[in-house]
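For reference, the structure is listed below as structure tokens.
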Amino acid sequence: MFDPTYTEEQQALVDTARKFAAETIIPVAGEYDERAEHPQEVFEKAWALGLMNVEVPEAYGGLGLSTLEGCLISEQLAYGCAGIATSIMCNHLGCLPLMIAGTEAQKEKFLGWVTRELVFASYCCSEPEAGSDVAGMRTKLDKDGDGWRLNGQKRWITNGGYANFYTGFATIDPSLRHKGITGFVIERDRPGVSVGKKENKLGQRASNTVDVIFEDVHLTDEDLLGRPGQGFPIAMETFDKSRPMIAACAAGLIGRALDECVQYAKERKTFGVPIASHQAIQFMIAEMAMAYEVTKLLYSKAAWEVDHEVKRTSTSAIAKAMGADLAMKVTTDAVQVFGGYGYTKEYPVEKLMRDAKLLQIYEGTSQIQRMVIAKNILVRG
Amino acid sequence: MKILVTVKRIPDPDESLKFAGNAIDTSSSKWVANAFDEYAVETALRMAEHIGNKDRLAEVIVCSVCPKDKRQHVTQFLAMGADRGVIVDADETAMDSQTVAKLVAEVFRREGCDLLVSGKLSQDSEGNEVAQRAAGLLDLPQASFAATLRWDRGANALTVGREVDDGVETKTIPLPAVVSVDLRIVLPHSVKNGATADDHKYSDGARLASLRGITMAKRKKVDVHTPAALGVTPSSHVAVAGVTAPEKRAAGQIVDSAQTLVNKLITEAKVL
């Protein structure tokens with residue numbers, strides 16, 4: 001049965017991640033956000049401490065932590081900065097298709113690589129005209145002698161400009177829709193692979209987001225993930241397994257907003273008393289606490305289901321949609337609690353609000369999550 | 001080289017104090033590791049590690065007197081990098097410093113250690129006694145309140161910078177020895193072990209436990225002894241006469257002039 005208590009060891013993992021966020025992320029998060037810069041120094045320290053690639057199995061040099069543990073760590077990193085957390089978590093997203101469908105040789109090569117040195121893995125699924133509609137992708141994989149030729153453009157690729165390898169999906173025939181989707185894994189230095197324009201984003205600005213372009217990239221069968229035409233279930237399973245992490249990121253943002261508001265509400269005075277004495281503020285703070293508990297429980301349950309291979313449920317979609325929507329509401333309220341000051345960059349809450357918005361969009365929008373949830377209910381019913 | 005580091009669990013010093021009768025009520029306290037012990041373990045690890053080389057120059061053993069099922073702080077230090085642990089299974093809260101020092105000295109003797117590193121005090125009782133008493137019991141040279149430490153391996157000696165009231169006193173002591181550390185020992189250049197480059201910059205403060213360290217900690221060896229097995233009979237030379245909260249500070253007064261202040265200091269406070 002699902003048991004929402006954490007072991008001493010899990011608590012120790014959380015402690016390290018929390019201290020890392022406090023000492024290494026929070027002091028620099030504002031600057032990297034302002035400059036929209038990839039914080040290499042933070043990633044170097046995170047990698048050395050073991051905060052990246054935590055779920056890579058021990059056989060490939062990883063720690064083999066559970067998805068729940070990965071989520072507990074992600075929450076703390078996102079408490080520090082959701083953008084930096086996204087870029088740290090991105091390696092997990094990039095490695096998931098390998099863990100789901102990689103051959104032994106692919107796993108040894110790529111999973112072994114991320115645990116041996118600091119390298120970045122990016123996940124290439126979305127395209128300029130195919131985000132939510134995964135089956136509508138146009139990146140094309142054509143048979144070319146013994147191998148394959150890859151052509152197309154991927155968009156919104158996290159860490160794409162810094163990635164050492166890419167996992168992704170292309171189609172062998174767009175008219176086949178989801179039955180044409182095929183997974184692949186290739187190194188960045190393969191001829192024909194290039195990085196396009198970098199997005200200038202509203203939030204999560206420390207996280208690098210770019211186009212990745214494939215022009216006549218030669219692939220062999222060894223570069224494919226799973227069999228041709230069988231990539232769609234891999235993409236869907238990847239999302240199932242990565243969504244709890246986004247919900248954990250939401251919990252981190254909500255927790256941060258709550259802490260910032262509690263501290264500010266006790267210090268800031270209006271009408272001769274701290275604003276924490278006003279019921280209007282108290283209610284917003286109470287709702288933040290409610291949102292935190294809900295999100296934490298939901299991501300824990302979704303992660304637990306991933307760890308226990310409970311399949312065909314929509315808990316991860318519920319956790320992701322609920323967490324993202326609550327994070328947006330809570331961080332908007334946080335700006336309200338801070339009033340005019342909250343709207344300025346002098347205080348940390350406007351960044352939380354900007355960062356939260358992305359949670360409702362990436363890894364399946366809040367609307368796509370509702371489609372998944374509804375479909376699950378209606379099919380089951 | 002074997003380094004024994006004393007570590008202690010204490011009620012979280014950030015929590016507000018609760019009283020029960022004539023004592024501090026720790027029944028609902030969260031127990032955490034004493035911060036000075038983190039510095040002590042960091043010191044020992046900096047001595048033991050040869051940065052840029054896989055060799056370890058010393059074995060780091062953490063030792064705690066605590067109930068054997070309340071060992072989270074020991075696990076925490078194993079996660080941080082200590083090689084193994086020794087627990088003396090006892091209720092340390094009922095023991096005086098001399099008993100704890102005897103237990104530590106006995107573990108030191110039996111393990112055949114070369115160096116005892118201890119935090120200068122624990123943040124709960126702030127006794128600042130165990131290291132000095134253990135040095136006495138072991139009849140070893142000691143350097144307390146170390147802020148810098150240099151290990152001269154050729155001479156088998158330590159040069160210790162001690163922060164004292166009128167500055168920094170530097171003294172060299174032969175090993176085996178006892179050192180208690182102060183908080184500046186974890187500055188980036190405080191510890192030099194003669195193998196790691198002298199200009200190596202450590203991160204400021206005690207290191208965080210790495211995730212690999214955390215997952216490996218439970219697999220490390222921890223020996224459990226009883227005071228009786230170590231031949232130590234708990235004594236209590238110190239009795240607690242009473243525990244009370246400090247009196248609340250009375251509200252201050254704001255005066256409108258220096259003259260009024262002086263008058264009040266003369267007539268009311270009677271301090272001038």
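Please read these numbers as outputs of a predicted model, since none were measured by experiment. Chain letters run A, B, ... following the sequence lines, proteins first and then strands; every chain starts at 1.
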In Å and rounded to the nearest 0.5 Å, what is the [atom1] to [atom2] distance from [X] to [Y]?
X: A:E9; Y: B:M216; atom1: CD; atom2: CE; result: 11.0 Å
X: A:Q11; Y: B:Q72; atom1: CD; atom2: CD; result: 8.0 Å
X: B:L208; Y: A:T24; atom1: CG; atom2: OG1; result: 7.0 Å
X: B:R212; Y: A:T115; atom1: CZ; atom2: OG1; result: 7.5 Å
X: A:L63; Y: B:S210; atom1: CG; atom2: OG; result: 8.0 Å
X: A:D15; Y: B:I214; atom1: CG; atom2: CD1; result: 7.5 Å

So for B:S203, is it side chain, backbone, both, or neither that comes closer than 4.5 Å to the heavy atoms of chain A?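 Neither part, no heavy atoms under 4.5 Å.
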Atom group of B:A79 that falls short of 4.5 Å from chain A, counting heavy atoms: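 No part of it gets close to chain A.
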Atom group of A:E58 that falls short of 4.5 Å from chain B, counting heavy atoms: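 Just the side chain, heavy atoms under 4.5 Å.
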At a heavy-atom separation under 4.5 Å, does A:I73 approach chain B through its side chain, its backbone, both, or neither?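 Only the side chain of A:I73 comes within 4.5 Å of chain B.
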For [X], is the [atom1] atom crowded, meaning more than 12 foreign heavy atoms sit under 6.0 Å from it?
X: B:R84; atom1: CZ; result: yes
X: A:K301; atom1: NZ; result: no
X: B:K2; atom1: NZ; result: yes
X: B:K218; atom1: NZ; result: yes

Relative to chain B, which of A:K45, A:K19, A:E8 shows the most heavy atom pairs under 4.5 Å?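 Most pairs with chain B among the choices: A:E8.
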